[in-house]
Amino acid sequence: MKAKRRFVIQYFLRTLQLRMQLGKNPEEINPVFLKIYDKQELKGIVKWIFNKKIPEGMDLDKMDEEELLETISDEQYILGYLLSQLEEELQGSSIITQESVWATLEQLGLQTHYLARKAVAQWEAYDHANYRALCAKAGKFLPLYGIYDSGVEKQDKYLTIPGRIYDTECEAQEALSKFFTEGGQFHDGDLKIMRL
């Protein structure tokens with residue numbers, strides 16, 4: 001359920017971001033963000049805006065929170081930053097390592113769980129499903145997968161809703177294979193799987 005909720009939230013956030021980008025007059029940025037973000041976080045947003053290439057003469061360390069917020073200037077940048085953070089967190093959670101398994105088990109107080117002793121390379125479908133359930137219980141983002149028309153771009157994947165959302169890439173791959181083997185209207189190359 002959490003993964004689907006995340007998907008819906010990202011859909012609305014992407015839609016809102018697009019609307020904000022198309023707006024002609026950016027609204028004044030709400031000072032409430034001074035209560036939400038501390039100075040370090042505001043600096044992180046400014047760095048994200050400038051793709052870590054801060055303009056010459058701009059010294060973020062000497063700026064106070066109000067100046068940083070003024071530099072951000074538009075809420076669409078805060079939204080863009082939030083979406084990039086969500087994407088980073090999702091990418092990090094989709095790579096399973098012994099360290100990430102241990103961290104999840106430790107968070108849940110399950111250090112004696114059998115997955116703590118089993119090498120990830122030796123996992124079977126059952127082990128992956130079990131770990132996915134543990135990650136959900138730990139509140140971690142879990143990737144979902146959708147089948148899209150091959151023309152849908154990565155940045156539009158939350159604006160173009162797939163016919164169905166799959167919990168694993170394997171399930172999506174099986175469904176894609178079924179589309180082609182059942183002789184439907186799709187041909188190889190017409191569709192692709194994207195992680196959500």
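Keep in mind that the numbers below use all heavy atoms, side chains included, and drop hydrogens, waters and symmetry copies.
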Once rounded to the nearest 0.5 Å, what's the spacing between atom [atom1] of [X] and atom [atom2] of [Y]?
X      : Y      : atom1 : atom2 : result
Tyr131 : Ile96  : OH    : CD1   : 6.0 Å
Lys35  : Glu65  : NZ    : CD    : 13.5 Å
Glu124 : Asn130 : CD    : CG    : 12.0 Å
Lys52  : Lys47  : NZ    : NZ    : 8.5 Å
Trp102 : Leu115 : CH2   : CG    : 12.0 Å
Gln40  : Asp38  : CD    : CG    : 6.5 Å

Quick one: does any side-chain atom of [X] pair with a main-chain N or O of [Y] as donor and acceptor, under 3.5 Å?
X      : Y      : value
Lys157 : Arg195 : yes
Lys43  : Leu68  : no
Arg117 : Thr112 : yes

* Should we say atom CD of Gln98 is surrounded by more than 12 heavy atoms from elsewhere, each under 6.0 Å from it? ->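 Above 12, so yes.
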I need the minimum non-hydrogen distance between [X] and [Y], along with the two atoms involved.
X      : Y      : result
Met58  : Val46  : SD-CG1, 4.3 Å
Tyr81  : Gly44  : CE1-O, 3.7 Å
Ala175 : Ile147 : CB-CD1, 3.9 Å
Tyr77  : Ile72  : CD1-O, 3.1 Å
Met63  : Glu67  : CA-OE1, 3.2 Å
Asp127 : Gln122 : OD2-O, 4.3 Å

* To do: State which residue, out of Leu82, Thr71, Ile78, fulfils the side-chain contact (heavy atoms from CB on, under 4.5 Å) condition with Ile45.
  =>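 Testing Ile45 for a side-chain contact (heavy atoms from CB on, under 4.5 Å) against Leu82, Thr71, Ile78 leaves exactly one candidate, Ile78.
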Compare all side-chain heavy atoms of [X] with those of [Y] and state whether any distance is below 4.5 angstrom.
X      : Y      : value
Lys39  : Leu60  : no
Leu196 : Tyr148 : yes
Ile29  : Glu75  : yes
Lys178 : Glu174 : no
Tyr166 : Ile193 : no
Tyr145 : Gln173 : no
His113 : Leu108 : no

* Mind telling me whether Tyr126 and Tyr114 have parallel, tilted or perpendicular rings, with 30° and 60° as the class edges? => parallel
* Could you walk me through whether Leu144 and Asp167 pass the side chain to side chain contact (heavy atoms under 4.5 Å, CB included) test, one step at a time? => CA-CA 5 Å; Leu144 296 170; Asp167 288 331; 3.6 Å; yes
